[in-house]
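For ligands, and for the atoms within them, numbers begin at 1 and follow the listed sequence. When a residue number appears, it is its place in the shown sequence, counting from 1.
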Amino acid sequence: MREYAGTVESGDHWQSVYLTRQADEVGWYEPDPLVSRRLVAAAVRAGARSVIDVGGGASSLVDHLVDLDLERVAVLDVSEAGLGVARRRLGDRAGRVEWVVGDVTSVDDVGRFDVWHDRAVFHFLVAPSDRAAYVRLAERTLAPGGTLVIATFAPDGPERCSGLPVCRYDGGRLADALGPMFRLDASERHTHTTPGGTEQRFVYATLTRVG
Ligand SMILES: C[S@@+](CC[C@H](N)C(=O)[O-])C[C@H]1O[C@@H](n2cnc3c(N)ncnc32)[C@H](O)[C@@H]1O
């Protein structure tokens, strides 16, 4: 497990969430991350051999990634407790994954990956400087031709998540926020139903690293 310093505030919030709530009772819990799986699988079919799940937390996406016979799988999250849930669930298979504890806005380098996946992390970055740091890391991590799969709340999605304010996007606004080094290939809307039965509108976008 690699550890990087992050902001105390964001780390504390997320550590507390994962230490006080069951992974399957948080609002963003998905029993099967179907849309993410489909979009990442399309990149793998097109030749991708490595995937990093940014802000993966306790998500079960990594359970599916380790079955894809990839050269490299990593999960980065500011909460060690969140990653711990996923590691314990994977058991022996956890050794096939690089677990990176760090804040996406302050980690310098995670190496190169073919696919960057993020569901419900970028939308927490309400400060332009944090979004810029995120984009710089994504640009460093993906070589030209690499794939960025990102999901955020849609314009008609909730204004807050886990008690924190979020920015909401459609595909075009995501492309604008990610800047000229990413080309929008496709976007789609998805309705997520929380464990409590509330519907939340998401947008998923797939972008190619250009340049
Ligand atoms: C809403 S949850 C989504 C978790 C997972 N992607 C999913 O779809 O189930 C947000 C996740 O992002 C992580 N996170 C929040 N801010 C972060 C940051 N600045 N750097 C890295 N991870 C962060 C949290 O710890 C949490 O696991």
Side-chain angles (χ1 to χ4, degrees), residues 1-40 51-65 73-87 89 97-110 115-138 141 148-154 157-168 190 192-196 198 200 202-204:
M1 168 113 53
R2 279 181 285 155
E3 297 198 31
Y4 297 89
T7 59
V8 172
E9 301 78 21
S10 77
D12 282 356
H13 172 82
W14 293 104
Q15 275 290 95
S16 158
V17 167
Y18 285 112
L19 290 171
T20 57
R21 302 186 64 193
Q22 294 297 313
D24 61 358
E25 64 181 25
V26 293
W28 56 90
Y29 170 72
E30 296 181 292
D32 187 349
L34 274 171
V35 183
S36 295
R37 282 213 286 139
R38 171 166 53 78
L39 297 177
V40 171
V51 179
I52 182 165
D53 188 14
V54 175
S59 165
S60 63
L61 179 63
V62 66
D63 305 42
H64 301 280
L65 297 178
V73 174
V75 185
L76 177 150
D77 202 282
V78 73
S79 167
E80 184 175 3
L83 295 179
V85 173
R87 291 177 70 187
R89 190 182 59 236
V97 179
E98 295 170 39
W99 304 96
V100 185
V101 182
D103 185 322
V104 68
T105 65
S106 57
V107 169
D108 275 342
D109 186 25
V110 289
V115 179
W116 170 292
H117 172 270
D118 160 359
R119 173 176 178 267
V121 183
F122 185 70
H123 67 193
F124 289 111
L125 306 181
V126 295
S129 58
D130 284 344
R131 288 196 293 275
Y134 176 106
V135 171
R136 280 196 301 275
L137 185 64
T141 303
L148 190 145
V149 174
I150 186 166
T152 66
F153 282 161
E159 293 178 358
R160 300 179 81 82
C161 181
S162 190
L164 302 173
V166 299
C167 293
R168 299 174 294 175
H190 172 72
H192 167 66
T193 304
T194 69
T198 302
Q200 298 180 330
F202 273 77
V203 63
Y204 284 72

Any chance you could measure R119, atom CZ, to L39, atom CG, to the nearest 0.5 Å?
12.0 Å
Hey, is G102 one of the residues with a heavy atom under 4.0 angstrom from ligand 1?
yes
Between D103 and ligand 1, does any nitrogen or oxygen pair lie at a separation below 3.5 Å?
yes
Out of H117, R119, H192, Q15, indicate the one that has the non-hydrogen atom closest to atom 7 (C) of ligand 1.
R119
Of all the atoms in ligand 1, which lie at a distance below 4.0 Å from a heavy atom belonging to G57?
27 (O)
Under 3.5 Å, is there a donor-acceptor pair linking the side chains of D77 and S79?
no
Please verify the inter-ring angle class for Y18 with W28; under 30° counts as parallel, over 60° as perpendicular, anything in between as tilted.
perpendicular
Are the ring centres of Y134 and W116 closer than 6.0 Å?
yes
Selected option - heavy-atom contact closest to atom 20 (N) of ligand 1, from D77, V104, L137:
V104
Over all atoms of both residues, closest heavy-atom pair of V26 and R21:
CA-NH2, 4.0 Å
Just which atoms of ligand 1 are under 4.0 Å from any heavy atom in V78?
14 (N), 17 (C), 20 (N), 21 (C), 22 (N), 23 (C), 25 (O)
Report the distance from atom CG of D108 to atom CZ of R136, rounding to the nearest 0.5 Å.
10.0 Å
Nearest heavy atom to atom 6 (N) of ligand 1, choosing from G55, A120, S36, S59, belongs to G55
Please report the C-alpha distance between E30 and R37 in whole Å, then the side-chain angles of each, then the deciding distance to 0.1 Å, and finally whether the side-chain contact (heavy atoms from CB on, under 4.5 Å) criterion is met.
CA-CA 12 Å; E30 296 181 292; R37 282 213 286 139; over 6 Å; no
Which residues share a salt bridge (charged side-chain N to carboxylate O under 4.0 Å, His left out) with R131, sequence neighbours left out
none
Pairs of nitrogen or oxygen atoms closer than 3.5 Å, one from Y18 and one from ligand 1: do any exist?
yes
Does D53, backbone or side chain, put an N or O under 3.5 Å from an N or O of ligand 1?
no
Min N/O separation C161 to ligand 1 under 3.5 Å
no
Check this for me - ligand 1, V121, N or O atoms closer than 3.5 angstrom, yes or no?
no
Looking at ligand 1, would G56 count as a contact under a 4.0 Å heavy-atom criterion?
yes
Check for me whether Y29 has a heavy atom closer than 4.0 Å to any atom of ligand 1.
no
Quick one: ring pair (Phe, Tyr, Trp, His ring centres under 6.0 Å) partners of F124, sequence neighbours excluded?
W14
